[in-house]
Amino acid sequence: MIESCTKRRMILSIIVLGLLTLVVLILEELITSEIGSNGGHLQNTTLHTSTGSLINANPSNVKQVLPEEKKKMCWLYEEYKVIQECSFCTDFELSSKTPAECTHTGLKEILRCETSGTVFRSCSRVLSIEKRRFWIFESLMLLSMVISYGIVKIRWSQLERKTVKQIERRLAAGH
């Protein structure tokens, strides 16, 4: 099947698949950024309280938490807005263990809850670093594709020359 495709069709197919991949990546980015910024929705995660205990983030467990802890976890039951995306804690914050959320992952996110005010939340990924890593990976894959294409093109031309020389020798021997 693939042998019957012309070079033009193959290149066109590769371009279409590449564009389709980009569209899917852009849509995925838009969808995940909408979900991530959708304030007030309960996430099913394990939380670290300032006392060091772990709780599962569901409404029944949040009701059992002390009031001061509940205020620090206002993003579980109130509408909130992300003020500062997930970022690294400073050396001072890590050594002083203030805010307490820095001690768990070394990353923090600043939120403003509707009634409780500004709070910190521990997070697991810095979005800007993840994006940079993704684009570095994509760039390396593009570079490997270009190199592979070049190697295949060189080898194809070598085999083409070899075939032409063999045909010329056969024609010269036949006359």
Side-chain angles (χ1 to χ4, degrees), residues 11-150:
I11 291 174
L12 184 62
S13 299
I14 290 171
I15 290 171
V16 168
L17 287 174
L19 290 175
L20 183 64
T21 302
L22 287 175
V23 168
V24 168
L25 288 173
I26 291 169
L27 286 175
E28 186 267 339
E29 174 68 26
L30 290 174
I31 291 170
T32 56
S33 65
E34 285 177 11
I35 291 171
S37 64
N38 203 358
H41 290 284
L42 191 61
Q43 299 174 359
N44 190 15
T45 58
T46 301
L47 301 173
H48 299 272
T49 63
S50 62
T51 59
S53 60
L54 296 174
I55 62 168
N56 191 12
N58 64 45
S60 62
N61 287 344
V62 173
K63 291 175 186 172
Q64 297 170 359
V65 176
L66 298 172
E68 60 271 3
E69 291 292 336
K70 192 173 181 181
K71 183 182 180 204
K72 288 182 179 180
M73 295 184 293
C74 64
W75 50 271
L76 291 172
Y77 55 89
E78 294 178 24
E79 291 291 323
Y80 67 90
K81 181 187 253 185
V82 176
I83 296 173
Q84 180 183 350
E85 293 289 331
C86 190
S87 62
F88 289 101
C89 296
T90 64
D91 290 335
F92 177 74
E93 289 172 330
L94 290 171
S95 62
S96 67
K97 298 181 181 177
T98 307
E101 289 77 12
C102 282
T103 59
H104 305 295
T105 61
L107 302 169
K108 67 179 178 193
E109 187 173 42
I110 302 175
L111 308 173
R112 177 168 288 134
C113 292
E114 200 171 83
T115 57
S116 301
T118 304
V119 294
F120 292 94
R121 175 170 69 177
S122 185
C123 51
S124 61
R125 297 184 303 153
V126 178
L127 190 59
S128 61
I129 291 177
E130 293 293 322
K131 283 183 179 180
R132 192 179 84 219
R133 286 180 181 165
F134 169 77
W135 286 113
I136 287 172
F137 173 76
E138 287 294 316
S139 301
L140 289 174
M141 293 301 104
L142 179 64
L143 179 65
S144 70
M145 187 228 18
V146 169
I147 290 171
S148 298
Y149 175 78

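As a basis for the values below, the full set of heavy atoms in this structure was taken, side chains included, without hydrogen atoms, waters or symmetry mates.
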Could you measure the distance from the [atom1] atom of [X] to the [atom2] atom of [Y]? Nearest 0.5 Å is fine.
{"X": "Phe88", "Y": "Ser128", "atom1": "CZ", "atom2": "OG", "answer": "8.0 Å"}
{"X": "Leu20", "Y": "Ile15", "atom1": "CG", "atom2": "CD1", "answer": "13.5 Å"}
{"X": "Lys81", "Y": "Leu111", "atom1": "NZ", "atom2": "CG", "answer": "12.0 Å"}

Residues Thr105 and Ser122: closest non-hydrogen pair is OG1-OG, 3.0 Å

Restricting to non-hydrogen atoms, name the atom on Cys113 and the atom on Trp75 that form the minimum distance, rounded to 0.1 Å. SG-N, 3.5 Å

Taking only residues two or more places apart in sequence or in another chain, which ones pass side-chain contact (heavy atoms from CB on, under 4.5 Å) with Cys123? Cys86, Leu107, Glu109

Contacts of Thr118 meeting side-chain contact (heavy atoms from CB on, under 4.5 Å) (sequence neighbours excluded), chain-then-number -> Ile83, Ile110, Arg112

Begin from the C-alpha positions of Val23 and Leu27 and carry the test side-chain contact (heavy atoms from CB on, under 4.5 Å) through to its verdict. CA-CA 6 Å; Val23 168; Leu27 286 175; 4.1 Å; yes

Exactly one of Lys108, Lys97, Glu101 should register a side-chain contact (heavy atoms from CB on, under 4.5 Å) with Cys89. Which one does? Lys108

Do the side chains of Thr115 and Cys74 get nearer than 4.5 Å, heavy atoms only? no

For a 4.5 angstrom cut-off between non-hydrogen side-chain atoms, does Leu25 reach Thr21? yes

Going by salt bridge (Lys or Arg N to Asp or Glu O under 4.0 Å), name the pairs with one or both residues in residues 130-146, residues two or more places apart or in two chains. Glu29-Lys131, Glu130-Arg133

Would you find more than 12 non-hydrogen atoms of other residues, nucleotides or ligands less than 6.0 Å from Phe134 atom CZ? yes

